[in-house]
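As the structure is a prediction and not an experimental result, all values here were calculated from the model.
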2 protein chains.
Amino acid sequence: MNTVTLKDIADQLGLSVTTVSRALSGNGRVKKETTDKVVELAEKSNYMVNSLARSLRLSDTRSIGIVVPDISNNFFSNVIKGAQEVCHERGYMLMVCNSDENAHYEEEALKTLLEKQVSGLIVASVGSCPKIFSRYPKNRLPVVYIDNVPTGAENYDLVSIDNYTAALEFTRSVISRGYREIGMIAGPRKQSSGLMRYKGFVQALMDEGVELVPEWIVESEFSLESGYENMKKILSGGKMPRAMLFANNKLAYGAVKAILEAGLRIPEDMAVVSFDAFDHTGLVTPQIVSLNQPAEEIGRRACERIVEKLSGSDHQQVKHVFLKPFYTNGNSW
Amino acid sequence: MNTVTLKDIADQLGLSVTTVSRALSGNGRVKKETTDKVVELAEKSNYMVNSLARSLRLSDTRSIGIVVPDISNNFFSNVIKGAQEVCHERGYMLMVCNSDENAHYEEEALKTLLEKQVSGLIVASVGSCPKIFSRYPKNRLPVVYIDNVPTGAENYDLVSIDNYTAALEFTRSVISRGYREIGMIAGPRKQSSGLMRYKGFVQALMDEGVELVPEWIVESEFSLESGYENMKKILSGGKMPRAMLFANNKLAYGAVKAILEAGLRIPEDMAVVSFDAFDHTGLVTPQIVSLNQPAEEIGRRACERIVEKLSGSDHQQVKHVFLKPFYTNGNSW
DNA sequence: TACAATAATGCAATCGTTTGCGCAAGTCAA
DNA sequence: TTGACTTGCGCAAACGATTGCATTATTGTA
């Protein structure tokens, strides 16, 4: 069964493709009766517009691409949800890609999305500014980074929290609970989120005159495995920290496993404090104190920004939007 | 800055579009030197193929659509992850849509995906067989349902667990722990997963001669709120169950909130037993015993099935693939 | 040198829409 | 009756790629 096209309808009705197109779209003058006939037949024969052809002709796909490092991470899936909502409201389609925390896949995904002629891009990058953007300048289409701004991409739009300040205050609050032996498993420093959270952490320790123990502070990938391995290494050292800060949820989850395996209790023996370990049930991670990015809101704002740039005039202007993070299980804290 | 097309390259090199196209794709005979020149200029001028045009011409988008009811649900985001992986391996692009547990949105999403000419569809439906499929018969493109088969869609491909048997055995295992006052918050019965899990539950009680208490067995939407509200209602009744089975994770999470608010301990006062409350950390939901669908595997298999049908001969054949569910926190159980 | 075989390239149609422009028929006022 | 408008419709050119079928250039062989 082949797809039915405008031509098929036109032929059956003895009309031109032009008229059929106009009848269905409502653009242009078509006699009421004709319109009715066309609409009826279109309905009956299950006509469905071919977006490829339309988009090609109009040079507009009404779709927005988003690439995230890990779609199964709750943070990102909520970002997507937020973006999806805005797209739906505004008549856009969201095309989701997963880079699997891999810079090369990220490039691939961006390339594919660009080839598919998306009108805008939301990117949670895993590394430095994708080469693809140095080659296909951003004035070709709106690009908004979320979560972190990759090195080299400072003059792009961004929606995120202020990672430095967040880490600074988060760490201070740990210290103010009386902890003085504090470690951190930080994220990759080539991502600004990784770097800034690390810097905030260090600054807080220095401000408060708390000793920095190099063995307790490590740079790591954002993965369960790295969290687990790095935590094990720290636990196997001579001295042990009493509180650990994690740059993201996966790191924390991996580390928790190591901590429990070592027979330690959370938080009595080891306080676990993490970014983005938000859990909507409010129940399931009672032991982890978390400072969360408002994921859905980030998705929404990023998407709105794209749409705004798409329809608006300030296509060129660069804006950094900083949202407030929020604590969970902060009460027990 | 306008996009550069084959024509631009052709003009600059004094060649025809044909030759340029062939040089870049490697189809057809083109002199080595010419190819080199073309490739070089394409590179330099940042040429990027326009997928719309290509797909239109080839009647092939190499993309697969997936629509899920809730992308922020861990189960579905893992399904997507699995599907995404297969797509990536096979050179397809996955287009993700969220129906927000809403039959109408689901229809919309399917329509959009079809208009975008996806080559195949993976659907986790929220209801009965989408009207759109009765109008655009499945022999137009491969469709695979996952998680559950909507009423009216029995002759479609399906990848899921055997919900009836799973619920039956799951419930039996609860009974075998000595529980005799057992309730269930079931999912919508118009979804086969909802219905089958409910039937399995009831059958197990009858088999074992355990009393069915109507007040403890309710049909519900898959949402946190419904779980919370329905659980509160049950808790406010005269008698109280000692164990509750939930048809999905959201229901369980919502209910847990209600249970804890009522001052009850899990599992001492109330055992919580749920489908798909899998948590990869192995730590965070120690109180919930869960029977999980292998989400990533489901995504993979569904996607592989599509690709298979796309390239294979058995385009017509209908297959139901049943995967084994697995327990978590079953040890403490 | 001539003719065939082969290599390299180009023409033009095609995929399914949309839309500027033109044309015929109808309406209306003077 | 004429000229000016309006209405309803169609022609044909886009959009940017791919490809069957020429056509031309090159090489090889007798």
Take nucleotides 24-29 of chain D nucleotide by nucleotide from the 5' end and write B, S or -, depending on whether a protein heavy atom sits under 4.0 Å from the base, only from the sugar-phosphate, or from neither.
------
Measure from the side-chain N and O atoms of B:Asn73 to the backbone N and O of B:Phe75, and report whether any donor-acceptor pair falls under 3.5 Å.
yes
For the residue pair A:Leu13 and A:Ile9, establish whether any side-chain heavy-atom pair is separated by less than 4.5 Å.
yes
Report yes or no: do A:Asn50 and B:Glu115 form a side-chain donor-acceptor pair below 3.5 Å?
no
Per the side chain to side chain donor-acceptor pair (under 3.5 Å) rule, which among B:Lys319, B:His320, B:Arg305, B:Gln317 passes with B:Asp157?
B:Arg305
With nearest nucleotides of DNA chain C determined for A:Leu58 and B:Gly14 from heavy-atom distances, which residue corresponds to the more 5′ nucleotide?
B:Gly14
Scan nucleotides 4-8 of chain C against the protein and return all N/O pairs shorter than 3.5 Å with their distances rounded to 0.1 Å.
unit_1 : atom_1 : unit_2  : atom_2 : d
C:dA8  : N7     : B:Arg29 : NH2    : 3.3

Would you name the heavy atoms of B:Val118 and B:Ile64 that are closest together and state the gap between them?
CG1-C, 4.2 Å
Under 4.5 Å between any side-chain heavy atoms of A:Tyr145 and A:Val159, yes or no?
no
Pair B:Thr18-B:Ser21, side-chain donor/acceptor within less than 3.5 Å:
no
B:Arg62 CZ - C:dC15 P separation (whole Å)
22 Å
In whole angstroms, how far is the P atom of C:dA12 from the NZ atom of B:Lys7?
14 Å
Tell me the interatomic distance from B:Ile9, atom CD1, to D:dG16, atom P, rounded to whole angstroms.
13 Å
Whole angstrom is fine here: how far is it from CG in A:Asn27 over to P in C:dT17?
15 Å
State whether a side-chain donor-acceptor pair under 3.5 Å links A:Glu101 with A:Ser223.
no
Can we say A:Arg301 and A:Glu297 salt-bridge, meaning some charged N sits less than 4.0 Å from an Asp/Glu carboxylate O?
yes
Can you tell me the distance, in whole Å, between the CG atom of A:Asp60 and the C1' atom of D:dC15?
13 Å
Of the residues in residues 15-23 of chain A, which ones touch DNA chain D at a heavy-atom distance under 4.0 Å?
A:Leu15, A:Ser16, A:Thr18, A:Thr19, A:Arg22
Which ones in residues 49-56 of chain A lie close to DNA chain C, meaning a heavy atom under 4.0 Å from one of its atoms?
A:Asn50, A:Ala53, A:Arg54
Check for a donor-acceptor pair, side chain of A:Asp11 on one end and backbone N or O of A:Asp8 on the other, with a separation under 3.5 Å.
no
Knowing that exactly one of A:Val79, A:Val144, A:Leu121 qualifies, which makes a side chain to side chain contact (heavy atoms under 4.5 Å, CB included) with A:Ile66?
A:Val79
Rounded to whole Å, how long is the line connecting atom CG of A:Asp36 with atom P of D:dG8?
13 Å
With a cut-off of 3.5 Å and sequence neighbours excluded, list every side-chain donor-acceptor pair involving residues 87-95 of chain B.
unit_1  : atom_1 : unit_2   : atom_2 : d
B:His88 : NE2    : A:Glu108 : OE1    : 2.7
B:Glu89 : OE2    : B:Arg300 : NH2    : 3.1

Roughly, in whole Å, what's the span from CG in B:Asp11 to P in C:dG10?
11 Å
Would you check if there is a donor-acceptor pair between the side chains of B:Gln117 and A:Ser51 at a distance under 3.5 Å?
no
Does D:dG16 have OP1 or OP2 under 4.0 Å away from a side-chain N or O of B:Tyr47?
no
Salt bridge (charged side-chain N to carboxylate O under 4.0 Å, His left out) contacts in which one or both residues fall within residues 21-34 of chain A, not counting sequence neighbours:
A:Lys32-A:Asp36
Please report, rounded to the nearest Å, how far the P atom of C:dC11 is from the CG atom of B:Leu6.
15 Å
